[in-house]
There are 2 protein chains.
Amino acid sequence: MFYLTLPCQVVVSGEMIEYYDISGCYIMRPWTMSIWEIMQAFFDAEIKKMKIKNCYFPLFVSPGVLQKEKDHVEGFAPEVAWVTKSGESDLEVPIAIRPTSETVMYPYYSKWIRGHRDLPLKLNQWCNVVRWEFSNPTPFIRSREFLWQEGHTAFATKMEADQEVLEILELYRRIYEEFLAIPVVKGKKSELEKFAGGLYTTSVEAFIPHTGRGIQGATSHCLGQNFAKMFEINFENEKGEKAMVWQNSWAYSTRTIGVMVMVHGDDKGLVMPPKVAASQIVVIPVPYKDADTKGIFDACAATVETLTESGFRAEADFRDNYSPGWKYSHWEMKGVPLRIEIGPKDLANNQVRAVRRDNSAKIDIPTANLVEQVKYMLDNIQQNLLEAAKQKRDACIQVVKTWDEFIEALSQKKLILAPWCDEEEVEKDVKTRTKGEMGAAKTLCSPFDQPELPEDTLCFASGRPAKKWTYWGRSY
Amino acid sequence: MFYLTLPCQVVVSGEMIEYYDISGCYIMRPWTMSIWEIMQAFFDAEIKKMKIKNCYFPLFVSPGVLQKEKDHVEGFAPEVAWVTKSGESDLEVPIAIRPTSETVMYPYYSKWIRGHRDLPLKLNQWCNVVRWEFSNPTPFIRSREFLWQEGHTAFATKMEADQEVLEILELYRRIYEEFLAIPVVKGKKSELEKFAGGLYTTSVEAFIPHTGRGIQGATSHCLGQNFAKMFEINFENEKGEKAMVWQNSWAYSTRTIGVMVMVHGDDKGLVMPPKVAASQIVVIPVPYKDADTKGIFDACAATVETLTESGFRAEADFRDNYSPGWKYSHWEMKGVPLRIEIGPKDLANNQVRAVRRDNSAKIDIPTANLVEQVKYMLDNIQQNLLEAAKQKRDACIQVVKTWDEFIEALSQKKLILAPWCDEEEVEKDVKTRTKGEMGAAKTLCSPFDQPELPEDTLCFASGRPAKKWTYWGRSY
C-alpha cells in the first residue's frame with residue numbers, strides 16, 4: 001500500500017509538495033506552507049511570552065568555528081555542504097552552510113554576555129538549514145534543506161536551563177497534540193541518541209502504526225556548559241566571581257508536517273486536522289440538468305461568505321470543467337476536513353449537506369444553523385483525529401521483559417516499552433544484534449511518565465538491574 | 001561625520017547589527033528583527049487579501065536552469081555562490097545558491113499551468129538569498145546574504161499583470177511612508193536599470209540627503225513573456241488556443257531597514273519611527289538620594305503595565321549599575337521614540353516626564369492622561385519624522401535643463417530632475433562622462449507623477465527632444 005513509507009505520491013497529488021530537480025530538495029506548495037504558518041504563529045507568540053526574542057544569524061559558517069566543538073562537528077561534518085566558488089572565482093577558504101547554528105551563534109554569545117545582568121540571553125530564529133544526507137531522501141522527513149526554528153538560550157544557573165527545556169518541550173507537545181492531532185510521548189533520549197555535544201536531550205516522540213516506526217518529533221536540549229567552555233561564554237556573577245553559562249537549544253522543523261501526513265493519511269489521500277488546514281471547508285455546487293444552477297451557485301457563495309465571516313477558512317469549487325464527483329475525490333485527496341454539497345434539494349429545503357473527511361459521516365444542516373454546526377463538527381473532527389491516532393498508537397505499544405519478547409515485538413512492528421539498564425554499551429549491542437534491511441532497533445526515549453518499576457526488574461537486553469522503562473523500536 | 005555612509009558604528013552600538021566573521025554577512029539582532037516582523041505582518045496580510053499564497057522553493061539551483069534566461073544569468077552570474085562539496089566528497093555537478101528565484105520557480109509554473117483555469121497563479125515566498133558581491137559590503141544595504149520576500153505571479157493577460165505591478169508598488173510605498181516614515185517616489189526604471197530579463201521595472205526610490213545619493217527602495221517588475229518563452233509557460237485559453245502567460249516578480253528586502261537608519265539617524269544614534277520600533281517607550285526611574293526609591297520603581301512598573309495593556313510596546317530599564325544619564329544616552333542611541341522619566345517630583349505630582357527622541361521636546365504628563373497623551377505623541381512623532389524627511393528630501397531636488405546645470409547639481413549632491421530623451425545610449429554616455437571616485441550618475445526613475453513637459457523641451461544631455469522628466473543622481 002502507498003503508505004508503507006511516507007506516501008510520496010499523496011503529497012504530490014494533494015498539492016503539498018512538488019519534486020525538485022535537485023535530489024533531496026522539495027518545493028513546499030501553499031497547501032503545506034499554510035500549515036507551517038499556523039504552527040509558527042502559535043509557537044512564535046508563546047515564546048515571545050517567555051521573553052525569547054527573534055534574531056537572524058548568517059547562513060554561512062567559517063570552517064574554524066564549525067570545528068570548535070569536537071563531538072558536535074563529528075555529528076554534522078559528513079552532511080555539511082561547502083561553498084567554494086563565487087562567480088568564476090575560488091573562495092580563499094571554503095565556507096560551510098549551517099546544518100544548525102550552535103557554532104554560528106555562540107562566539108557572539110561570548111561577546112554579548114559579560115555580567116549576570118546580561119542573562120538570561122534568549123534568542124530564536126526561523127530559518128532554513130542544510131544537511132546533505134545521502135540516505136533515502138523523503139519529503140518533509142529527510143530533506144537536504146528544511147525550515148525550522150532554532151532557539152538558543154543562556155542562563156546563569158542550571159536550574160533555569162532545566163526549567164526552560166521542559167517549558168519548550170510542552171510547547172512541542174501542544175503543536176503535535178493540539179494542532180496536528182498526533183499523540184506524542186515526552187521523554188529523555190539515551191546517551192547514544194542525545195544531541196552531539198549536549199548534556200541531555202528531551203524529545204516528543206511520535207509513532208507511525210502502519211510502518212511500525214518511531215519518529216522523533218522535536219527536541220529540546222540542555223547543552224550544559226560544554227559549548228560555553230569551547231566558546232568561552234563566561235560572566236561575572238552577583239558575587240563578582242567568574243562563572244560559566246548554562247545553555248539550551250531546541251528546534252522543531254517542517255518534519256512535523258510529514259508526521260501529520262503519515263499519521264492521518266488514508267487510502268483516499270491526505271487528512272488535514274481542521275486547526276491547521278489551509279481550507280477547513282470546501283463548498284461544492286451539485287446542479288442537475290433542469291436545476292436552478294444560478295440559485296445553487298449563489299447559495300454556495302453565500303455559504304462561503306457566512307463561514308469566512310465567522311472566522312473559518314472556507315472556499316468554493318466553481319470550476320465548470322469538472323464533475324461534482326471528480327471534485328469530491330480531489331478535495332478528499334487534499335484532505336479538507338469538511339465538504340459541503342449544495343444541490344437542488346438542499347436549496348429547496350434551505351439546507352446544506354456536510355460530509356466529514358475523517359469518518360465519511362453525512363449530515364444535513366439547516367442553513368440557519370450553519371455556523372454553529374460547522375464549528376461543532378470541526379471541533380469534533382479535530383478531537384476524533386487525535387483520539388483515533390491515540391488508539392492506534394496505543395494498540396501498538398508492547399511491554400516486553402526479555403530479549404525473546406523484544407525480538408518478537410520488533411518483528412510485529414510494535415512500539416516496545418522495556419526495562420533497561422541505561423548503559424550505552426547495551427544500546428550499541430542491541431543495535432548490532434538487530435541490524436538488518438529494516439534497520440536496527442534503538443531507544444526512542446525514556447518517558448517522563450514512568451510506569452512502576454519493581455525493584456528486582458532486570459534489563460531485557462543485558463540482564464543487569466533495570467534503571468528505567470524505555471521505548472524502543474525502529475525509527476525514521 | 002559618522003553618517004556620511006551608512007552609520008556602521010551606530011547600527012552596532014544601537015544593537016541592530018553585529019559584524020560577523022565572514023565578510024559581507026551580518027547578524028541581525030532582535031532590535032532589527034522586530035522591525036522586519038512588523039513590516040512582514042503588514043505586507044503578508046495585504047498580499048493574502050490579493051489572494052497571493054505563500055510557498056517555499058529550495059535554496060539551491062541547478063546550473064542548467066540558472067543559465068536558461070541569458071540576460072538574466074548575465075545580470076547575476078558574477079555574484080552566484082556555488083556549492084561544490086558535501087562532507088568530504090565533491091558533488092557531481094556544482095549547485096548554485098539562489099540570488100533570486102525566477103529560474104528556480106518557473107520550470108514548475110510551466111508544469112502547473114495548463115489551462116486558463118489555472119490562472120492567475122500568484123505565489124510569494126519569505127526567504128534568504130545570496131549575492132556574493134565584492135564591492136564595499138555594508139550592513140542592510142549591500143550584504144552577501146539578505147532576507148526578502150519575492151512574489152512571482154502569472155496571468156492570462158498583460159492588463160492583469162500591469163495592474164498588479166502597481167498594486168504591489170503601492171504596498172511598497174506604504175511600507176516606506178506609513179511604517180518607516182520615509183518619503184519615496186514611485187516611478188519606472190530606465191531600460192538600462194530595469195531587471196535583467198524583464199519587460200519593465202517600477203520602483204519606489206528614496207534619497208539620502210546627507211550623502212546625496214538615491215537608493216532603490218523596492219522593485220515591482222513586469223517580466224512580460226520573456227521568461228514564459230524560455231521556460232515554456234503556456235496555457236490553453238478560453239477559445240481553446242495555445243497562449244503564453246504574462247508574468248510579474250516583485251521584492252523588498254532588509255535593505256528597507258538600512259534606508260530607515262540612514263534617513264532618520266542623527267548624531268545621537270538611531271531614530272526609530274514608532275510604528276516599527278521594538279520598544280516605543282522606555283521608562284527610566286530617576287531616584288535621588290533620599291527619595292522613595294521603591295515608590296519610583298513601582299510607578300515605573302505600573303506605567304509599563306498600563307502602556308502595555310493599552311497595546312503599546314513599552315519597557316522599563318531597572319538596571320542598578322547604570323546612572324539615569326547613561327540610560328538616557330543608551331536608549332537615545334537605540335532610537336526609542338519616547339522616554340518616560342519618573343523621579344521624586346513626578347511621583348509627588350502624579351505625573352511622568354516624557355521626552356521625545358525626534359525633537360527632544362519634554363512634557364509633563366499627568367498619570368491620569370498617560371495613555372491618551374502617549375498615543376498622541378507617538379502618532380505625532382511618526383508624522384513628524386515623515387514630514388521632516390520629506391522637507392529634507394524636497395530641499396535636495398534640483399530641476400536642471402542643461403548639462404552644465406546637471407554637473408553643478410551633481411557636485412552639490414542634489415536629487416536631479418531633468419528632461420530626458422529616454423535613450424539607452426544617452427544614459428550610458430552620461431555614466432561615462434560622470435565617472436569618478438564618487439561613482440557615476442545614473443537614472444533613478446521616471447516618476448509616474450510627471451511635471452508638465454512643454455512640447456519643445458530638450459534633453460539635458462543629448463539636446464534631442466525630451467520625452468519625460470527623470471530623476472538622476474548617484475546611488476547606492
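Keep in mind the model is a prediction, meaning the values are calculated, not measured. To find a chain, count down the sequence lines: A is the first, B the second, and so on, and within it residues start at 1.
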Q. Any salt bridge between B:Lys48 and A:Glu37, counting N to O under 4.0 Å?
A. yes
Q. Can you say whether B:Pro78 sits under 4.5 Å from chain A via the side chain, the backbone, both, or neither, judging by heavy atoms?
A. backbone
Q.
Please classify the contact of B:Phe76 with chain A as side chain, backbone, both or neither, using a heavy-atom distance under 4.5 Å.
A. neither
(Q) Quick check for you: among B:Lys111, B:Glu79, B:Glu15, which has the greatest number of heavy-atom pairs under 4.5 Å with chain A? (A) B:Lys111
**Q.** Under 4.5 Å from a heavy atom of chain A, the part of B:Ala77 involved
**A.** backbone
Q) Looking at B:Asp44, B:Val93, B:Val130, which one has more heavy-atom pairs under 4.5 Å with chain A than the rest? A) B:Val130
Q.
Can a donor-acceptor pair be found, under 3.5 Å and without considering hydrogens, that links the side chain of B:Thr254 to the backbone of B:Phe146?
A. no
Q: Return the option, out of B:Val61, B:Val65, B:Val83, with the maximum number of heavy-atom pairs under 4.5 Å with chain A.
A: B:Val83
Q. With only heavy atoms counted, which part of B:Glu145 is less than 4.5 Å from chain A, the side chain, the backbone, both or neither?
A. side chain
Q: Pick whichever of B:Ser86, B:Ser89, B:Gly64 has the most heavy-atom pairs under 4.5 Å with chain A.
A: B:Ser86
Q: Counting only heavy atoms closer than 4.5 Å, note whether B:Phe318 contacts chain A via side chain, backbone, both or neither.
A: neither
Q.
Given heavy-atom pairs under 4.5 angstrom as the criterion, report whether the side chain, backbone, both or neither of B:Asn124 touches chain A.
A. neither
Q) Any donor and acceptor pair, going by atom type alone, linking the side chain of B:Ser143 with main-chain N or O of B:Pro139 inside 3.5 Å? A) no
Q: Under 4.5 Å heavy-atom distance to chain A, tell me which part of B:Leu59 shows up: side chain, backbone, both or neither.
A: both
Q. Can you tell which of B:Ile95, B:Leu123, B:Val80, B:Asn321 has the highest number of heavy-atom pairs within less than 4.5 Å of chain A?
A. B:Asn321
Q) Checking A:Trp331 side chain against A:Val282 main chain: does a donor-acceptor pair fall under 3.5 Å? A) no
Q. Of all of A:Tyr26, A:Trp132, A:Phe60, A:Tyr56, which one pairs up most often with chain B through heavy atoms under 4.5 Å apart?
A. A:Tyr56
Q. Where on B:Trp36 is there a heavy atom nearer than 4.5 Å to chain A: the side chain, the backbone, both, or neither?
A. neither
**Q.** Most contacts with chain A, counted as non-hydrogen pairs under 4.5 angstrom, among B:Arg117, B:Lys85, B:Arg319, B:Gln125
**A.** B:Arg117
(Q) Is it the case that the side chain of B:Ser101 and the backbone of B:Val104 share a donor-acceptor pair, with hydrogens and angles ignored and the cut-off at 3.5 Å? (A) no
(Q) Using heavy-atom distances under 4.5 Å, tell me whether A:Trp112 contacts chain B through its side chain, its backbone, both, or neither. (A) side chain
Q. Between the side chains of B:Tyr322 and B:Asp317, is a donor N or O closer than 3.5 angstrom to an acceptor N or O?
A. no
Q. Is it the backbone or the side chain of B:Thr32 that comes under 4.5 Å from a heavy atom of chain A, or both, or neither?
A. neither
**Q.** Contact leader toward chain B among A:Asp320, A:Asn54, A:Ile97, A:Thr84, where contacts are heavy-atom pairs under 4.5 Å
**A.** A:Asn54
**Q.** Option from A:Tyr106, A:Tyr109, A:Tyr108, A:Phe57 for which ring-ring contact (aromatic ring centres under 6.0 Å, His included) with A:His152 holds
**A.** A:Tyr106
